Trainee: 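Quick one: this structure, given as C-alpha cells, is what I'll be asking you about.
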2 protein chains.
Amino acid sequence: MDTENIIKLSQAVCAALTDEDDGLKRDILAHTGNRWSLGVIHILGIAGQLRHAEIARRLKGVTQRMLTHTLRHLERDGLIERYDYQEKLPRVEYALTAQGQELLVNMFPLWTWILDHAETFRAARAKFDDAGKAI
Amino acid sequence: MDTENIIKLSQAVCAALTDEDDGLKRDILAHTGNRWSLGVIHILGIAGQLRHAEIARRLKGVTQRMLTHTLRHLERDGLIERYDYQEKLPRVEYALTAQGQELLVNMFPLWTWILDHAETFRAARAKFDDAGKAI
DNA sequence: CAGTATCCTTGCGGATACTG
DNA sequence: CAGTATCCGCAAGGATACTG
C-alpha cells in the first residue's frame, strides 16, 4: 500500500473510530500487551483444549502463579472457558470461547503487520537510542 | 459471521501466526494496552499535527508527566514524530508517522470489534464476578 | 510552553513453599 | 495436578513543584 492511500485510509479510520468505552477498550487490549495472554490464546487456538500443565509446558518460562493469573483474567473477559472435571486428581481444561476465537481473527492484521515490520521497529528504536534519547 | 466459520477461520489464523519476536510484538501491542497511547494516536490521526499542550487539552485527565512519557515511547517505536521548532518560547509539535498511520489502519478491525461487543464483555465480567470469582 | 525533578502508591511479574 | 499463600523487586502511573 502506498503512502497516499495510507494517509487517506488512516484518516477515514480515525473518523470512524469512537472514543467511547475507553476503559473497556483498554482492558481488552491490555490482554494483547501483557506478558502471557497472547501466548495462551495462540496455544489454545492451535491445540483446542488443554490442561493447565500442558499450557505451562508449551509456554516457555511461565510460572504456575502467572499462568493461573492470566487464565483467570482471560476467563473473566469471556475469552476462554474453564472446564473442571471434578476428578479426585484434579483435571481442569481450558479452551477458547467464540469470543476468544473472534479476538484472534480480528487481531490477525495487526499481528502480521507487526511481524512484517519487525526490522523497521528495531531500526527506529536503535536510531532513537543512539541519538541519546534512550528512555 | 457464524460460529462454524469463526472456528475454521481462527484455526487458519493460528496456523498462520508465528510466535517469533514475542518480545517485540508485545512491546508494540503494549501501546494499545496502556493508559494514554491509544488516545494520543487517535487524536493525532484526526488532527494531523498538534502541540504538546493541545494534546493535553484534548486528552481528558492526562498529566504533563504522563503525556511526555507516552509521547517519548511512541516516538521511540517510530509511531509518531516530534518536530521542535527551536523557538524562544518553546514550540514542539507531534504527528503520526507512516508507521503510526499503518498501526491505526491495522488496528481498525480489532478496535471496532471490541466496541461492537462492549455489552458482551461487560456481561461476561458481571457473570464471572457474580459467581464469586472476582479477581 | 514544554518539559525535568521528586516523591508516592499501586499493580505486574516472579520465586518459593504449601495444600486438597 | 491445579492451584493458594507469601514475599519481593521493579516499573507504571500519578501529584506537585520547579526550570530554560
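Sequence lines set the chain letters: A, B, ... in the order given, protein chains first and strands last, and positions in each chain run from 1. In this text the structure is predicted, and so the values were computed from the model without any measurement.
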Trainee: Salt bridge between Arg122(A) and Asp21(B), side-chain N to carboxylate O under 4.0 Å?
Mentor: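 Looking at Asp21(B) together with Arg122(A), the answer is yes, because their closest N to O distance falls below 4.0 Å.
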
Trainee: Looking only at side-chain N and O atoms, does Arg57(A) come under 4.0 Å of OP1 or OP2 in dA2(D)?
Mentor: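 For dA2(D), OP1/OP2 do not have a side-chain N/O of Arg57(A) under 4.0 Å.
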
Trainee: Parallel, tilted or perpendicular for Trp113(B) and His117(B), by the 30°/60° rule?
Mentor: tilted

Trainee: For a quick test of reading the model: is some side-chain N or O of Arg65(B) closer than 4.0 Å to OP1 or OP2 of dA2(C)?
Mentor: no

Trainee: Could you check which of dG14(C), dG3(D), dG20(D) has an atom nearest any side-chain atom of Gln64(A)?
Mentor: dG3(D)

Trainee: Counting side-chain heavy atoms from CB outward, which of dC1(D), dA2(C), dG14(D) is closest to Arg51(B)?
Mentor: dA2(C)

Trainee: Side chain of His69(A), heavy atoms from C-beta onward: which of dG3(C), dG20(C), dC12(C) has the nearest atom to it?
Mentor: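 Output: dC12(C).
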
Trainee: Would Lys25(B) and Asp22(B) count as a salt bridge (Lys or Arg N to Asp or Glu O under 4.0 Å) if you check the C-alpha gap in whole Å, the side-chain angles of each, and the deciding distance to 0.1 Å?
Mentor: CA-CA 5 Å; Lys25(B) 202 169 50 194; Asp22(B) 207 53; 3.4 Å; yes

Trainee: Report which part of the nucleic acid Asn34(B) touches: base, sugar-phosphate, or nothing (heavy-atom distance under 4.0 Å, all strands).
Mentor: sugar-phosphate

Trainee: If you find the nucleotide of DNA chain C closest to Val92(B) and the one closest to Gly33(A), which residue's nucleotide is nearer the 5' end?
Mentor: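 Result: Val92(B).
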
Trainee: Reckon Tyr94(A) has a side-chain N or O less than 4.0 Å from the OP1 or OP2 of dG3(D)?
Mentor: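 The answer is yes; a side-chain N or O of Tyr94(A) sits under 4.0 Å from OP1 or OP2.
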
Trainee: Strictly below 4.0 Å: does Arg72(A) bring a side-chain N or O up to OP1 or OP2 of dT4(D)?
Mentor: yes

Trainee: Taking Ser10(A) for its side chain and Leu104(B) for its backbone only, find out whether a donor-acceptor pair lies under 3.5 Å.
Mentor: no

Trainee: Is any side-chain nitrogen or oxygen of Trp36(B) closer than 4.0 Å to OP1 or OP2 of dG14(D)?
Mentor: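 Trp36(B) to dG14(D) OP1/OP2: side-chain N or O found under 4.0 Å.
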
Trainee: Does a nitrogen or oxygen in the side chain of Arg82(A) sit under 4.0 Å from OP1 or OP2 of dG3(D)?
Mentor: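 The answer is yes; a side-chain N or O of Arg82(A) sits under 4.0 Å from OP1 or OP2.
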
Trainee: Who is the Watson-Crick or G-U wobble partner of dT4(C), with both distances under 3.5 Å?
Mentor: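 Pairing partner: dA17(D).
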
Trainee: On DNA chain D, compare the nucleotides closest to Leu89(B) and Glu54(A); which residue's is nearer the 5' end?
Mentor: Glu54(A)

Trainee: Quickly work out the Lys88(A) NZ to dA2(D) P distance and round it to whole Å.
Mentor: 15 Å

